[in-house]
There are 2 protein chains.
Amino acid sequence: MRLSKRGEYGLRAMIVLAGNPQTDSQLPIVLIKDIAQQEKIPIKFLEQILLSLKNIGLLHSKMGVGGGYYLAKQPHEITLGQIIRVLDGPIAPIRCVSQIAYESCGCPDEETCGLRMVMFDVRTAMVDILDNTSLADVAGRVEAQRQLLGHVQ
Amino acid sequence: MRLSKRGEYGLRAMIVLAGNPQTDSQLPIVLIKDIAQQEKIPIKFLEQILLSLKNIGLLHSKMGVGGGYYLAKQPHEITLGQIIRVLDGPIAPIRCVSQIAYESCGCPDEETCGLRMVMFDVRTAMVDILDNTSLADVAGRVEAQRQLLGHVQ
DNA sequence: ATCTAATCTATAATATTAGTAGACTATTGG
DNA sequence: CCAATAGTCTACTAATATTATAGATTAGAT
């Protein structure tokens, strides 16, 4: 029941990117290298991860001097659920409760399978959080917590 | 974010065992072989799984003719969370939110780590379900669903 | 041109998972 | 006591997934 490093690193990177808010005047481009350094992620591994997120349309990039990665949408439009599904696959404890990647678990009657009923609830609980938490929400919570702890920016 | 086969098989086996309710007159002993057959689980794999559950004290067993496995406690005293922790380890998307197997994720300040905040909520949601659902609860839900669908026993 | 930075593909190293094998021990019943 | 039954224990293997690493390539800026 654990997130992979791939998923974790991807989420951390996206949260960093969301921390550089998009303005009209200045593009919030961040280098892979900088994210890797800041979050202690192996750079070559992070490259692959960001590339996946780019290919699915969550990130844009720019090559060459002054290039880097930036969010393809506003932070409030990107949820953690989207990111995790790209990097770790469907969010479901067992396949027979996945909406996106359903697969029979082979029990005689799914309608009366006790395990399936409970795991359906677990899946729902996870998805409820992850699909309703955006990068902006995360940034907001971090900010609120900083204020609460009296951190000075 | 998926349960292993080990975990899944263990849960299925325990649900089967809880389906044979414990009475004073007759011991509800079930053979590994029968569970394996009914649930389509490789028998040698299931042996190991049941042994783990026995060693942790969730199952008892009896060798020889007329032997087999039976629950060590009443179905309402055994939760799915207990079973999963034995077979799959701690229930937490990342280690830094596990109560039982905490481990630092290496971020500069855990108190203001956005990923940690969200994953803490996810963990809580999963644990709330799994630690509050007993084998008796599962059996009850299966029975209720059977009635609802008009199955005749 | 040259430097920078992302892109792409392949592959290596490691860990985990899933399953198999077989010898051993305990219990029952004849 | 012996044979059959059924769980115990340990080791091992095969497959798969995870976590990277390497290096050549392409695009863009100055």
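Below, read A as the first sequence line, B as the second, and so on, with proteins coming before strands; counting in each chain starts at 1. Worth saying up front: this structure is predicted, and the values here are computed from it rather than measured. These numbers come from the heavy atoms of this one structure, side chains and all, not from hydrogens, waters or symmetry mates.
Per the geometry, CD1 belonging to A:Ile49 stands 12 Å off P belonging to D:dT21, to the nearest Å. Rounded to whole Å, atom C1' of D:dT16 lies 13 Å from atom CZ of B:Arg2. Taking atom CD1 of residue B:Ile94 and atom P of nucleotide D:dT19, one finds them 13 Å apart after rounding to whole Å. The nearest whole Å value for the distance from the OH atom in B:Tyr69 to the P atom in D:dA6 is 13 Å. Atom CG in B:Leu46 sits about 12 Å away from atom P in C:dT20, given to the nearest Å. Remark: C1' of C:dC3 and CG of A:Leu31 are 14 Å apart, rounded to the nearest angstrom. Spacing between atom CD of A:Glu39 and atom P of D:dA20 amounts to 15 Å, rounded to whole angstrom units. In this structure, B:Phe45 atom CZ and C:dA18 atom P are separated by 6 Å, rounded to whole Å.
In terms of phosphate contacts, B:Lys5 brings no side-chain nitrogen or oxygen within less than 4.0 Å of OP1 or OP2 of C:dG19. Between D:dA20 and A:Tyr9, a contact under 4.0 Å exists linking OP1 or OP2 to a side-chain N or O. OP1 or OP2 of D:dA17 has not a single side-chain nitrogen or oxygen of A:Ser4 nearer than 4.0 Å. Proximity of B:Ser61 to the phosphate of D:dA6: no side-chain N or O atom is located under 4.0 Å from OP1 or OP2.
Proximity of a side-chain donor or acceptor of A:Lys40 to a complementary backbone N or O of B:Gly106 within less than 3.5 Å is detected. B:Asp88 places a side-chain N or O within donor-acceptor distance of the main-chain N or O of B:Ser4, the cut-off being under 3.5 Å. No side-chain donor-acceptor contact under 3.5 Å links A:Arg12 to the backbone of A:Glu39.
Residue A:Ile56 qualifies as open at atom CD1: its count of foreign heavy atoms under 6.0 Å is 12 or below.
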message: Let's go through A:Asp131 and A:Arg85 carefully: what are the C-alpha distance in whole Å and the side-chain angles of both, what is the deciding distance for salt bridge (Lys or Arg N to Asp or Glu O under 4.0 Å) to 0.1 Å, and is it a yes or a no?
response: CA-CA 10 Å; A:Asp131 281 347; A:Arg85 287 195 186 86; 2.9 Å; yes

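Rounding to the nearest 0.5 Å places CD1 of B:Ile35 at 6.0 Å from CG of B:Leu46. Here the CG atom belonging to B:Asn132 is positioned 10.5 Å from the CG atom belonging to B:Leu80, to the nearest 0.5 angstrom.
Across all strands shown, B:Ile32 has heavy atoms under 4.0 Å from sugar-phosphate atoms exclusively, and none from any base.
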- prompt: How does protein reach along nucleotides 21-30 of chain C, written 5' to 3' as B (base within reach of a heavy atom under 4.0 Å), S (only sugar-phosphate), or - (no contact)?
  reply: BB--BBBS--

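The listed nucleotides are C:dC8, D:dC9, D:dA20; the one nearest the side chain of B:Leu51 is D:dC9.
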